[in-house]
Structures are given as C-alpha cells and as structure tokens.
Amino acid sequence: MKEVILCKYGEIALKGLNKNNFESILVKNVKRRLRNSGSFKYSRAQSTLYIEPLSEDTDIDEVVDKLSKVFGIAKLCRALTVEKKMDSILHDSMDYLAEALEGAASFKVNAKRADKKFPLKSPEICRELGHEILERFPHLKVDVHDPDVTVTVEIREEHAFINALKLDGAGGIPVGSSGRGMLLLSGGIDSPVAGYMVAKRGVQIQAIHFEAPPYTSERARMKVEKLAEEIATYCGDINFYCVPFTEIQEVLRDNCPEELFTILMRRLMMEIAQRFCEREDIQCLITGESIGQVASQTMYAMVCTDAACRIPVFRPCIGMDKSEIVSVSRKIGTFDTSIEPYEDCCTVFTPKHPKTKPALSEVEAAQAAYDYEPFIKKAVDNTVVKLIRNKI
Ligand code: ATP
Ligand code: MG
C-alpha cells in the first residue's frame, strides 16, 4: 500500500501572478520541516502540493502532524496511490476506505480527471465506485448534498489517488512571504499568540525579551525561551534577543514621576527593539496588547507608546477577549508554559497608581528630563542573541 499526502493551498491559490513565488516559499518551508522525516518526491498541480514518501518505513502520521503546522496549507489529506485502471480503483481501495467509512452513515464519491484520456468520464467513475462501496459497506447510504464522508478519486498522469479523510491545515500564507517582524515576547499568554497570528500571515518572526535580574530569575528567562521554541513549530526558527533591562528600570524608578514609570518603560522597550529592527532590516514590532486589559493598554497609554515608534506596531490581539486569546494559546500549545508562575520585568517596580490617561506632552517631557541614551546603548550592546530552532 502506497500513500501520498496532498496539501491543498488556501489563499495562495488566489494569488494570480505571484502564485509561483508563494508556492516556492511554501515548498521550501515544507522541505525544511520534513528534513528529518525521510526523503520525498514533491510535485505541484492544481493548487495542490503532492508529497510522495520514497521509502516504505516513512511515519506518515508524523509527517501529517508536521505539515499541519505549516502556514499556507488549508487542507491536508492522505491518499492511496493505485494503478490508473478502473479495476484497481474499485478493488484496491476498499480496505483503505474502511477506516474512513467506519463510523459514517452516508457518503458520496467525487471524481476529478486531470488525465482526460482516461476511458471513463467523471460521472461514470462516481457511479461505479459508489456502487462498489455500497456492496462492500451495506450500512451506508449515498447522500450527494450532505454526506458524512466524501470519497475523492483523482485520475492524474501517472496514478490514481483515492482519499476520504481531510484534515484542517494551519491556514494562512507561508512564513517568509510577508516581511519580517520583531515580537516583544513576555512570559504571558498574549504575546506568543500575537506572534503566531502574525506569522500566520506570512511574517517571519524574531523575538525580543527584556529581563531584569536579579528581580527576574534565570528560570523566568528559560520559560520565555521555551515559549519561543513552542511558537517556532509554526513560525520556524527564531532569533531570540535577550535584553538586560535592570539598570534602565532602576534609573527610571529613581528619575521619573512614579505614575509614569510603566509608560516610560514601555517606550524604552520599543526604542531598544527598534534599534535591532533597524540593524536587521525588520519592518514592524508586534505585541500581545489588547485594548483596556491593563493600565498600560488603555488607548491613551498606547498613543504614548506608539509616539516612540518609527515603524508600525502590530497588535493582533487588540480586539480579543482574554478567553479568546486563551483558546488560541491552548490550540497552539503555549498555554501550559505561559501559566507557569514566574515573574516578568513589567511587574518590577510597578507604580501603585499608574496613570491610565497620560498626556503625550507630559510623557515626552518626563522622558526628556533625563538622558537615558547611555543606558539604552549599554542595554543594546549587552543583549544576547540566540537562535531558537524549531525542534519538531
Ligand atoms: P502577555 O500575556 O503577553 O505577557 P500582558 O497582558 O501580561 O501580556 P503586559 O505585561 O502589559 O501585558 O505586556 C504587554 C505586551 O508587552 C506583551 O504582550 C508583550 O508583547 C510586551 N512585553 C511585556 N513584558 C515584556 C518583556 N519582559 N519582554 C518583552 N516584551 C514584553
Ligand atoms: Mg505580561
């Protein structure tokens, strides 16, 4: 029994003249993802990528699991390869279909003929295979409008493919087709979700994390690295920038009005992140903020934060409730790590009464009253960069 995996494109199929470009990036990403899973033959036709394992002992379950985390694939299905003869289509496929048809009450057959020379037309293929399925699985009924299972036969140049089980792919567009973004990654629930969402739109993600030892621990940083590794299963390899932020926080505490501490801290975080963006040609910042969640995320506070930014700040969680963010985080597998109880630098020296409606002029005046530049430079110079690999 020989199986292939069919990856159906989502939006890439609609990309017109750019389609080839998107497709090549997708194929490159898929090949990289499967580099440790065996060797494969790849072919492309009709908005589908066909992946054929070249050795018998390939673990197809594992391959499908990996592919289900590659952006740009809308649907995945495993298909049986059979000889391109009606007799083989009818008889070699029954055991294979048994699993998919087991719990079903109804089915329909769908035939696609890429090879127009095949002697039977699509309706005839459907009729014959439908008949055979009914004989073999008498509990089933045909339902062409709302079947439990659709069995698809594709007649292609070399073989025929038969499949019945379709799985959802990760959707989106391939990572690497939409520029580069710097994710401000904390140890919380929201920022890993934000990174996942932007990567889903094809953006290649780097991550920056601010730590404040000894107020924050080594364990807290390891937790954030683990989150980066978890989102790397979707986003691909990530450059992880770890910024020593303690001194800046102490200088801020000693020199700025207490109620503006958080907002100035966030502006300095953005400033440092942008220095790396400029150096590495990264075009945007990404945060896990959501309007009104905490004092630093009021509209007024975000206006003051954005005024310190020279590049766009994307906040994909902006309109989401916490419960919605949590459900994405469970789906992508970051939730359990995010709720591990370690401290974040944002909670060090937090004022008792942060201003929820800061005016930009007072924030700018407070920042201008002290020369933070030497501390920014020092933090940038002492930042440690580490490559976090997608291990899966
Ligand atoms: P999260 O769940 O992502 O931690 P949050 O609700 O705790 O978010 P804040 O602590 O106000 O919110 O942080 C808002 C955003 O600022 C985060 O989503 C993240 O993008 C960024 N951020 C916060 N702390 C850090 C940090 N130590 N390093 C890097 N980015 C951070
Ligand atoms: Mg946080």
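One-based numbering, in listed order, for ligands and for the atoms of each. FYI, side chains are in, hydrogens and waters are out, and symmetry mates aren't considered; it's all heavy atoms of this structure.
Relative orientation of the His139 and Phe137 rings is perpendicular, given thresholds of 30° and 60° on the angle between their planes.
When heavy-atom distances to ligand 1 are checked against a 4.0 Å cut-off, Leu185 comes that close only through its backbone atoms N, CA, C and O. When heavy-atom distances to ligand 1 are checked against a 4.0 Å cut-off, Cys346 comes that close only through its side chain, counted from C-beta outward. Under 4.0 angstrom from ligand 1, the non-hydrogen atoms of Asp344 all belong to its side chain. Of all the heavy atoms of Ile208, the ones lying under 4.0 Å from any atom of ligand 1 belong exclusively to the backbone.
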(request) Take Arg180 and Asp281 through the test salt bridge (Lys or Arg N to Asp or Glu O under 4.0 Å) and record every step on the way to the result. (result) CA-CA 8 Å; Arg180 289 148 62 79; Asp281 189 26; 5.4 Å; no
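Close contacts between ligand 1 and Cys345 involve ligand atoms 27 (N) [criterion: under 4.0 Å to a heavy atom]. Those atoms of ligand 1 that come under 4.0 Å of a heavy atom in Thr287, given as number and element, are 20 (O). Under a 4.0 Å criterion applied to the non-hydrogen atoms of Gly188, ligand 1 contributes the atoms 1 (P), 2 (O), 4 (O).
Using a 4.0 Å cutoff on heavy atoms, Arg266 counts as a contact of ligand 1.
Between Met269 and ligand 1, a contact under 3.5 Å exists for no N or O pair. At a 3.5 angstrom cut-off on N or O pairs, Gly288 counts as close to ligand 1.
Considering NZ of Lys112 and SG of Cys126, their distance stands at 11.5 Å, rounded to 0.5 Å.
Residue nearest to atom 8 (O) of ligand 1, selected from Asp190, Leu227, Leu183: Asp190 (by heavy-atom distance).
Between Gln249 and Tyr215, the side chains place no donor N or O within less than 3.5 Å of an acceptor N or O (distance only, hydrogens not considered).
Considering only heavy atoms from C-beta on, Leu260 comes within 4.5 Å of Lys355 through its side chain.
Taking the charged nitrogens against the carboxylate oxygens, Asp61 and Arg78 do have a contact shorter than 4.0 Å, which makes a salt bridge.
Taking the centre and axis of the six-membered ring of Tyr42, the NZ or CZ atom of Lys31 falls inside the cone set by 45° and 6.0 Å.
If you chain together hydrophobic residues whose side chains sit under 4.5 Å apart, Leu26 and Tyr50 never meet in one group.
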